[in-house]
Amino acid sequence: MNKHKMQILQELAKKNGPLCVGLDTSPKYFPENLIKELGGEACVLEYNKKLINAVTAENLACCFKIQIAYYEAMGLAGMKIYADTLKAVKDSGVIAISDIKRGDIAATADAYAKAHFTGDFETDIITVNPYMGFDTLKPFTSYAAPELGGKGAFVLLCTSNPGMVDIEHQELKAGGLLLDRVGNELTRIGDEYKASYADQTCYPVGAVVGATQEKDARILRDRYPNMFFLIPGYGAQGGAARIAATLLDKAGGAVNSSRGILCAWQKDPELAEKRDAGTVSIEDMVKSAVKACKTSKEELIASAIEVNGKY
């Protein structure tokens with residue numbers, strides 16, 4: 001049976017828990033001693049690889065989300081690190097989500113889709129911005145077809161930033177909110193693939209739904225029961241586990257945590273002396289990150305059981 005990438009991610013979330021580790025890895029996150037010893041770019045790649053290996057060895061996450069902006073900011077060397085990080089994630093056996101938020105028209109969108117679903121930067125699932133119109137989605141969602149690899153797309157629906165009310169929550173003359181119009185279109189696209197993936201339990205197209213809007217969480221989860229969610233905002237952005245838990249009901253979701261994991265070493269009491277002495281190592285950082293992953297996974301699953309009666 002052919003499985004699309006979103007189905008595989010849904011199954012991994014059930015097996016490994018809902019945690020998505022965000023690899024928004026910046027040289028700014030490393031202690032000065034490591035920057036001096038290795039250089040910022042080398043720190044990023046070594047940390048990413050060791051963290052991926054450590055997290056997957058203990059089945060602590062269902063996926064990794066690589067935010068391309070952090071790698072673009074490092075220039076050509078950064079894009080090589082991005083490609084190597086993608087490969088490390090795919091080699092580890094979990095899903096790679098590329099957070100690229102592309103959204104453009106016609107041939108340009110075709111080029112973006114080809115760039116991230118084939119070649120050097122090939123990934124499993126990407127993030128897409130729909131606000132230039134729904135014709136911008138087709139070049140990306142067409143890769144969900146079995147013959148094109150069953151790729152996935154998370155489309156921005158109800159994001160975690162305060163400014164989401166400026167656009168996503170605007171009321172339409174026809175009734176409802178703009179985000180409702182987007183959600184309805186995603187449902188339509190998902191239904192198009194029912195024949196291709198008759199036995200699967202979620203659409204190949206999912207939605208980005210933040211864990212910071214409690215009043216929206218139950219409404220959106222009930223409205224789109226077959227849609228797997230990518231859930232940002234948990235952890236450093238202040239999103240609560242109980243909000244994420246609501247969004248994990250029905251088709252489920254992956255809850256992203258980036259800085260809360262990547263920078264866990266900065267608050268780890270076991271590293272206080274090493275921080276003061278300037279002797280923190282990559283291995284120390286990875287150990288702190290793994291502890292943060294364990295804590296987050298346990299909290300998310302416990303909250304899901306409390307809120308939904310199951311995970």
Side-chain angles (χ1 to χ4, degrees), residues 5-6 8-9 12-13 16 18-30 40-56 60-103 112-129 140 143 149 151-156 159-160 206 208 228 230-237 253-264 282 285-286 289 292-293 296:
K5 300 300 184 182
M6 202 72 73
I8 295 171
L9 177 55
L12 282 167
N16 292 357
L19 182 64
C20 169
V21 176
L23 295 176
D24 305 359
T25 319
S26 169
K28 295 179 181 179
Y29 297 161
F30 293 86
E41 295 160 3
C43 282
V44 169
L45 182 57
E46 184 175 352
Y47 184 44
N48 282 356
K49 286 184 173 181
K50 288 184 176 180
L51 181 58
I52 290 163
N53 289 337
V55 168
T56 55
L60 296 176
C62 57
C63 57
F64 291 85
K65 181 175 74 67
I66 306 100
Q67 169 50 262
I68 196 171
Y70 288 81
Y71 302 87
E72 291 175 335
M74 289 184 279
L76 293 175
M79 293 310 295
K80 177 65 167 61
I81 295 169
Y82 175 77
D84 289 344
T85 298
L86 279 173
K87 184 178 185 302
V89 173
K90 289 186 283 186
D91 288 347
S92 76
V94 299
I95 289 289
I97 301 171
S98 289
D99 195 354
I100 61 173
K101 295 186 180 72
R102 298 299 193 258
Y112 275 136
K114 181 179 180 181
H116 293 283
F117 282 143
T118 67
D120 293 337
F121 305 132
E122 182 178 359
T123 191
D124 297 316
I125 299 173
I126 60 170
T127 56
V128 182
N129 187 334
F140 302 103
Y143 277 84
K151 301 292 190 178
F154 281 116
V155 180
L156 303 183
T159 53
S160 58
V208 177
F228 193 83
L230 175 61
I231 306 167
Y234 168 75
Q237 289 189 45
V255 183
N256 184 74
S257 179
S258 299
R259 282 171 291 163
I261 291 170
L262 298 176
C263 299
I282 294 285
M285 294 176 64
V286 169
C293 286
S296 295

- Message: Distance alone, cut at 3.5 Å: any donor-acceptor contact between the side chains of S92 and T56?
- Response: no
- Message: Ignoring hydrogens, what is the shortest heavy-atom contact between I282 and K50? Give both atom names and the distance.
- Response: CG2-CD, 3.9 Å
- Flag yes if more than 12 heavy atoms outside K101 fall under 6.0 Å of its NZ atom; otherwise flag no. yes
- Query: Parallel under 30°, tilted from 30 to 60°, perpendicular over 60°: which one fits the rings of Y70 and Y29?
  - Reply: tilted
- Item | Nearest heavy-atom neighbours spanning T127 and L230 | CG2-CD2, 4.0 Å
- Rounded distance (nearest 0.5 Å) linking atom NZ of K87 with atom OH of Y82: 15.5 Å
- Write down the atom of I231, the atom of G253, and the distance for their closest heavy-atom approach. CD1-CA, 4.3 Å
- Is a salt bridge present between E122 and K151, judged by a nitrogen-to-oxygen distance below 4.0 Å? yes
- Scanning both residues in full, the closest heavy-atom pair of V94 with C62 reads CB-O, 3.5 Å
- Heavy-atom closest pair (C63 atom, A254 atom, distance to 0.1 Å) is SG-CB, 3.9 Å
- Kindly determine whether R102 and I68 satisfy side-chain contact (heavy atoms from CB on, under 4.5 Å), including the steps that lead there. CA-CA 11 Å; R102 298 299 193 258; I68 196 171; 4.1 Å; yes
- Query: Do N256 and S258 get their side chains close enough for a donor-acceptor pair, meaning under 3.5 Å?
  - Reply: yes
- Query: Using a distance-only test with no angle check, is there a side-chain donor-acceptor pair under 3.5 angstrom linking D24 and Q67?
  - Reply: no
- Query: Considering residues at least two apart in sequence or located in another chain, which fulfil the side-chain hydrogen bond (donor to acceptor under 3.5 Å, both in side chains) criterion with N48?
  - Reply: T25, Y71, T85
